[in-house]
Number of protein chains: 2
Amino acid sequence: MCELLAMSANVPTDIVFSFTGLVERGGKTGPHRDGWGITFYDGPGSRTFKDSDPSCRSEVASMLKSYPIKSKTVISHIRQANRGKVSLENTHPFGRELWGRNWAFAHNGQLSGYKEVLKCERFMPVGSTDSELAFCYLMDRLAANYADKKPSREQAFRFMAKEGKKLQQYGVFNMLLSDGPYLLALCGNNLNWITRKAPFGEAKLIDTEMVIDFKQETTPNDVVTVIATRPLTSNESWTKMAAGEWILFRNGVKIASGK
Amino acid sequence: MCELLAMSANVPTDIVFSFTGLVERGGKTGPHRDGWGITFYDGPGSRTFKDSDPSCRSEVASMLKSYPIKSKTVISHIRQANRGKVSLENTHPFGRELWGRNWAFAHNGQLSGYKEVLKCERFMPVGSTDSELAFCYLMDRLAANYADKKPSREQAFRFMAKEGKKLQQYGVFNMLLSDGPYLLALCGNNLNWITRKAPFGEAKLIDTEMVIDFKQETTPNDVVTVIATRPLTSNESWTKMAAGEWILFRNGVKIASGK
């Protein structure tokens, strides 16, 4: 399995603290040594850093821990390979463009008996993971369903939540999906989230010795939601999502959800 | 205008030497301060590092100068904005997936009177540059022309060279395009290339004090071709491409060309 991390915020925020906790799980406090990646949005643009080296000893991950990139929406993933070899093309997040929007996707779980069902036409996987195939299939469904008229961003995500839930019949399917402004979290079995806002306090990472005082790092109007496979901090109260539950975030705020 | 850099090699090779020369032109020895990017292929997978900061003072560029990523195919670009503001979505190289292959594209030049002509359907630009629009248009043409049967990689590039040449009626259009194994260089007005192979010698950068002895860095069977807007070294003999000329490289070797 793998670990997921995402952030939605109302102001460009750096994710160094959470990312530092996550990368420890990439071969040090966790077994997820088969590559990692992170996508930062900046307006409609995005950039993805990835590496097939374990995150705990990746040069690129070290750079990201010391160079805070500020973003309103981030998706990250560390991989423990099950379907598909360890290679760059099998490393999440995956990206595709549709309607002039950059879509980023990461998955935690494993599917079975899906190959006959998940047929892709327009969007094709480059690698050999069940995850990228599922992403391409979902993007195909989205493009086909709205072939005549582009949906609103929220409509598109409601559709993707519904279609993503259907994939849960093939196995464990925890999904993160973004187009930049919006972030969708769909829970298969393990996703936890927390919204930090004023009054801000201290947080302590579980995976390494690091404490942050968010009061020093934020302004009173900041709203920052973090989503992770397992809680990253030991002294805060994270909300565990139910199996099949989905939440759509924008600007750090939950704007829609369903089960 | 902008500056382009690309590499095609028969073994995974680091591009630190050439990249070090290029990034100096990003705000120091050259005026191209409006962002930069570089795509490294690793098999069918690829990763793109980009930044809207000038390359001469970018943290990400510094990391890449000290951390040699080995690749057989690389495309890089530093930008001096003309069409489209300075932002991440307007930063080259641009990427799209077609037929399960990752395509990367960078452009140097400026087009005029193209907006009524370059209509896109399947691939849509995220940003506002003439370059990304031209790339999406070319990808649309490629997908439409081979809608019934996927072409060989070489056929696809011959088609893209022909279609790219047509865009030269709208202005200056120097283009680099890759799918991983293949690298196409199409010259509008300025592209120079050099193939390094045994016996290897010393090379001296024009833009900064740096000399490399390729004998120390290579094996006798290595073949490495570098393409750049302007020659990067002062003591080697680069070949200047003619206007309208295109060359297709694979494994560092020229395998097809036309005018």
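Not measured: the values here are computed from a predicted model. FYI, side chains are in, hydrogens and waters are out, and symmetry mates aren't considered; it's all heavy atoms of this structure. Every chain is numbered from 1 and lettered A, B, ... according to where its sequence line falls, protein lines coming before strand lines.
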### Message
Under 4.5 Å from any heavy atom of chain A, what part of S46(B) do you find: side chain, backbone, both or neither?
### Response
backbone
### Query
Where on T48(A) is there a heavy atom nearer than 4.5 Å to chain B: the side chain, the backbone, both, or neither?
backbone
### Task
Heavy atoms only, distances under 4.5 angstrom: which of P125(A), G43(A), G45(A), G127(A) has the most pairs with chain B? Name it, please.
G45(A)
### Message
Measuring only between side-chain heavy atoms, which start at C-beta, is R47(B) closer than 4.5 Å to V60(A)?
### Response
yes
### Message
Using a 6.0 Å cut-off, check whether atom NZ of K115(A) has over 12 heavy atoms from anything other than its own residue.
### Response
no
### Task
Could you look at P44(B) and say if it's the side chain, the backbone, both or neither that has a heavy atom under 4.5 Å from chain A?
both
### Query
Between Y67(B) and D53(A), what is the shortest heavy-atom contact and its length?
OH-OD2, 4.0 Å
### Task
Working to the nearest 0.5 Å, report the span between CD of E59(B) and OG of S66(A).
6.5 Å
### Task
Under 4.5 Å heavy-atom distance to chain A, tell me which part of D51(B) shows up: side chain, backbone, both or neither.
both
### Proximal component of Y41(B), with respect to chain A [non-hydrogen, under 4.5 Å]
neither
#### Entry: Donor-acceptor contact present, side-chain E97(A) to main-chain M124(B), <3.5 Å
yes
### Query
Non-hydrogen atoms of chain B under 4.5 Å away: do they reach the side chain of R101(A), the backbone, both or neither?
backbone
### Query
Are more than 12 heavy atoms from other residues, nucleotides or ligands located less than 6.0 Å from atom NZ of K28(A)?
no
